[in-house]
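The structure under discussion appears below in the form of structure tokens.
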Amino acid sequence: LVTIFIDGREVQVPDGVTILEACKMEKIHIPTLCYMEGLSSWGGCRICVVEVEGQPNLVASCVTPVREGMKIRTVSKKVREARKTNLELLLSNHPLDCQLCDRNGSCELQELAYEFGVREIRFQGERKTYEVDQSSPSVKRDANRCILCGRCVRTCAEVQTVFAIDFANRSFDTIISPSLGLPLGQSVCVNCGQCILSCPTGALSEVSHIEMVWDAIEDPDKFVILQTAPAIRVSIGEPFGLPPGTVSTGKMVAAFRRLGFDKVFDTNFAADLTIIEEGTEFINRFKKGGKLPLITSCSPGWIKFMEHFYPDLMENVSTCKSPQQMFGAVAKTYYAQKLGIDPNNMVVVSIMPCTAKKFECQRDEMKSSGCQDVDYSLTTREAARMLKEKGIDLREMPEEDFDDPLGISTGAAAVFGATGGVMEAALRSVYEILTGKTLGKIDFYDVRGIEGIKEATVDIDGTAVNVAVAHGLGNARKLLDRVRSGEANYHFIEIMACPGGCIGGGGQPIPTNLEIRMRRIEAIYEVDRKLPLRKSHENPAVKQLYEEFLGEPNGEKAHHLLHTHYVP
Ligand code: HC1
Ligand code: SF4
């Protein structure tokens with residue numbers, strides 16, 4: 001510990017922490033902009049400056065370590081003026097059209113301008129005039145709104161290890177761009193959207209499907225059905241002021257029904273179906289000496305990462321489509337036939353915590369019903385925006401149930417939304433199917449939690465099954481390098497592109513940080529605990545689907561509709 005003085009108060013803090021970290025520990029607020037928890041710091045924006053006695057210049061608190069006896073002033077005329085000037089310089093070439101921006105109301109630049117009392121901008125700079133990059137199916141880039149904090153660059157490099165974007169050019173022409181100035185859609189970007197979560201302004205946002213969904217809802221000839229991902233029910237309350245970790249399943253269903261969807265169904269139904277298909281695939285590979293480890297395939301950001309960086313592991317990846325896509329294929333065949341509807345007149349919309357799902361639903365492999373299986377994919381943020389546009393306040397909704405039959409699901413499907421959940425759901429079913437015995441303890445705590453890479457050995461009737469779970473592509477890379485080198489001896493691996501799994505997806509409400517991720521994860525397990533059925537193979541609607549339509553798991557029809565081979 002070292003003793004320091006913050007605003008005249010003596011405190012003891014661990015040696016080696018930065019001034020910013022010390023102030024956080026002491027609950028002293030220092031405004032920041034380019035700093036972000038979990039990323040390296042570079043002190044570029046100079047919004048977090050403080051005064052240190054004996055130092056002629058102000059120091060950036062995010063990169064300055066504390067020293068024994070240090071005397072720090074976090075607020076003084078000099079500090080306030082410097083922060084305000086730095087902010088005004090940023091604003092001097094910012095568009096200043098907040099009303100027209102996606103992040104109006106959740107923009108850190110806007111908040112700081114309010115907090116610092118900026119009411120006029122003394123410096124009138126040249127404005128940037130970049131074309132908005134709409135080349136990606138998932139992420140929209142508006143460099144005019146970019147303040148060059150570099151949080152997106154560090155997220156992409158340090159958390160995701162994709163390195164799709166970086167600083168380019170110099171001085172006024174500095175811009176954040178994919179390499180060679182290519183549009184994002186032609187870069188190695190995997191569409192995960194983690195850079196959107198770290199962007200303080202509206203420079204990065206999702207490619208919007210809102211207008212297309214409104215049009216479909218209003219078209220009397222279209223039968224529009226909705227599927228909601230496992231992670232939405234624990235985060236959709238946040239844009240309406242509910243605390244992170246609030247389970248809003250019933251209210252969410254009621255709200256989306258009022259938005260005008262003809263049916264409100266659940267991706268969780270298809271998550272149970274995925275477990276039957278993927279569990280069967282695992283059992284077959286395990287028993288017959290097929291390619292192992294089997295790696296889960298439901299996260300489309302991870303699939304694109306694999307295609308770019310680990311194409312040699314393609315045979316290890318499960319041939320199962322993701323639940324989003326299984327849902328679409330089943331809706332436009334089985335369910336359309338049940339209703340006597342032409343699938344061309346059916347519109348399948350998903351609400352996903354994910355931006356890569358927009359990319360996934362447009363992939364060529366995803367048209368096994370004869371048309372695009374999932375038409376539009378909205379992020380949680382877009383879905384909340386649509387509700388607000390129609391004046392629907394989620395908090396005031398009654399609790400309603402999903403429609404049948406594609407709205408029926410188990411606790412195993414619910415846990416898909418958290419890192420480790422797909423593995424846990426698979427183990428619950430694989431154990432019982434392989435042994436014919438009832439699983440005593442169905443909670444697999446070893447694969448839960450926020451640790452980057454988790455491992456467990458599960459005893460299935462005397463046979464040891466080694467499993468591993470990674471979330472965030474940087475962790476996935478570490479794990480996959482060990483698989484590639486032959487160092488690791490796993491049978492089954494779950495990979496999710498986003499830190500925390502889908503609850504931390506790039507389409508989730510902003511802010512999404514470690515604490516919020518943990519609260520959403522707790523809520524996911526609460527959903528699981530409270531459901532009467534908690535194993536995918538017990539889902540009665542899935543059983544009925546096999547009896548009436550699909551035949552055997554991994555059978556011919558299932559293969560045609562529910563499996564794919566990725567063609568990069
Ligand atoms: Fe996910 Fe999935 S869990 S990928 O994280 O397998 O997006 O929530 O919907 O498809 O079920 C996301 C979440 C989601 C799929 C399922
Ligand atoms: Fe990088 Fe993901 Fe953003 Fe693409 S979407 S630039 S991969 S962080």
Side-chain angles (χ1 to χ4, degrees), residues 33-45 90 93-95 101-103 107-109 128-208 299-310 354-359 379 381 472-477 497-499 504-508 510 512:
L33 200 48
C34 71
Y35 166 86
M36 198 171 193
E37 176 191 65
L39 301 178
S40 63
S41 301
W42 69 301
C45 74
L90 286 175
N93 61 13
H94 197 76
C101 180
D102 273 338
R103 291 289 295 276
C107 168
E108 293 180 35
L109 194 64
K128 302 173 200 165
T129 49
Y130 294 109
E131 220 175 284
V132 177
D133 179 0
Q134 312 228 42
S135 60
S136 154
S138 300
V139 180
K140 187 174 96 179
R141 279 172 65 226
D142 183 349
N144 303 302
R145 300 190 190 282
C146 175
I147 56 165
L148 303 171
C149 68
R151 280 162 38 171
C152 56
V153 173
R154 283 172 284 151
T155 301
C156 190
E158 296 170 14
V159 180
Q160 299 298 61
T161 63
V162 175
F163 298 90
I165 46 177
D166 204 347
F167 286 91
N169 308 337
R170 282 168 178 248
S171 111
F172 183 74
D173 293 326
T174 307
I175 186 175
I176 287 169
S177 161
S179 61
L180 307 172
L182 285 172
L184 195 62
Q186 291 174 32
S187 73
V188 291
C189 168
V190 302
N191 303 306
C192 70
Q194 287 300 310
C195 52
I196 302 176
L197 294 182
S198 51
C199 181
T201 70
L204 293 167
S205 56
E206 63 273 75
V207 169
S208 179
S299 166
W302 141 239
I303 293 295
K304 186 126 196 275
F305 185 78
M306 178 272 294
E307 290 174 331
H308 285 314
F309 302 109
Y310 294 88
C354 177
T355 49
K357 291 284 173 192
K358 291 174 186 283
F359 154 72
T379 61
R381 297 187 292 269
L473 292 170
N475 293 319
R477 190 183 280 281
C498 295
Q508 288 286 58
I510 295 171
T512 289

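For the numbers below, each heavy atom of this structure counts, side chains included, while hydrogens, waters and symmetry mates do not. None of these values were measured; they are calculated from a predicted model.
A donor-acceptor pair under 3.5 Å is absent between the side-chain atoms of Arg381 and the main chain of Glu206, judged by distance alone. Within the 3.5 Å criterion, the main-chain N or O of Gly504 finds a donor-acceptor partner in the side chain of Gln194. Using a distance-only test at 3.5 Å, with no hydrogens or angles considered, a donor-acceptor pair links the side chain of Lys304 to the main chain of Cys189. Distance alone, capped at 3.5 Å, places no donor-acceptor pair between the Thr201 side chain and the Cys146 backbone. Side chain of Thr355 to main chain of Gly506: no donor-acceptor pair is present (N/O by atom type, distance under 3.5 Å, no hydrogens or angles).
Looking at heavy atoms from C-beta onward, Leu109 lies in side-chain contact with His94 at the 4.5 angstrom threshold. Val162 places a side-chain heavy atom less than 4.5 Å from the side chain of Phe305. Annotation: side chain of Ile165 is not in contact with side chain of Ser187 (no heavy-atom distance under 4.5 Å). No side-chain heavy atom of Asn191 sits less than 4.5 Å from a side-chain heavy atom of Pro300. When side chains are defined from C-beta on, Asn93 counts as touching Phe172, because their heavy atoms get closer than 4.5 Å. Residues Lys358 and Thr379 are in side-chain contact: their nearest non-hydrogen atoms beyond the backbone lie under 4.5 Å apart. The closest side-chain heavy-atom distance from Cys107 to Cys101 is not below 4.5 Å.
Nearest heavy-atom pair across Trp302 and Ala497 is N-CB, 3.6 Å. Nearest heavy atoms, Ser41 versus Tyr35: OG-CD1, 3.5 Å. Tyr130 and Ala143 get closest at one heavy-atom pair: CD1-CB, 3.6 Å. Here the shortest heavy-atom pairing between Gly150 and Phe167 reads CA-CZ, 3.7 Å. Across all their heavy atoms, Ser135 and Pro183 have their closest contact at OG-CB, 3.2 Å. In terms of heavy-atom proximity, Val207 sits nearest to Ser136 at CG2-O, 3.3 Å.
Separating the OG1 atom in Thr174 from the CG atom in Leu148 is a distance of 6.0 Å, to the nearest 0.5 Å. Here OG1 of Thr155 is found 9.5 Å from CG of Leu204. Values are rounded to the nearest 0.5 Å. Note that the CG atom of Asn169 and the OG atom of Ser177 stand 8.0 Å from one another [nearest 0.5 Å]. Distance check: Leu473 CG to Cys192 SG gives 6.0 Å after rounding to the nearest 0.5 Å. Taking OG of Ser198 as the start and CD of Glu37 as the end, the distance is 12.0 Å to the nearest 0.5 Å. We find the CG-SG distance between Leu184 and Cys195 to be 7.0 Å, quoted to the nearest 0.5 Å.
Counting only residues at least two apart or in different chains, salt bridge (Lys or Arg N to Asp or Glu O under 4.0 Å) contacts with residues 149-168 comprise Glu108-Arg151. Evaluation of the salt bridge (Lys or Arg N to Asp or Glu O under 4.0 Å) test over residues 137-148, restricted to residues two or more places apart or in two chains, returns Asp97-Arg145, Asp133-Arg141, Asp142-Arg145.
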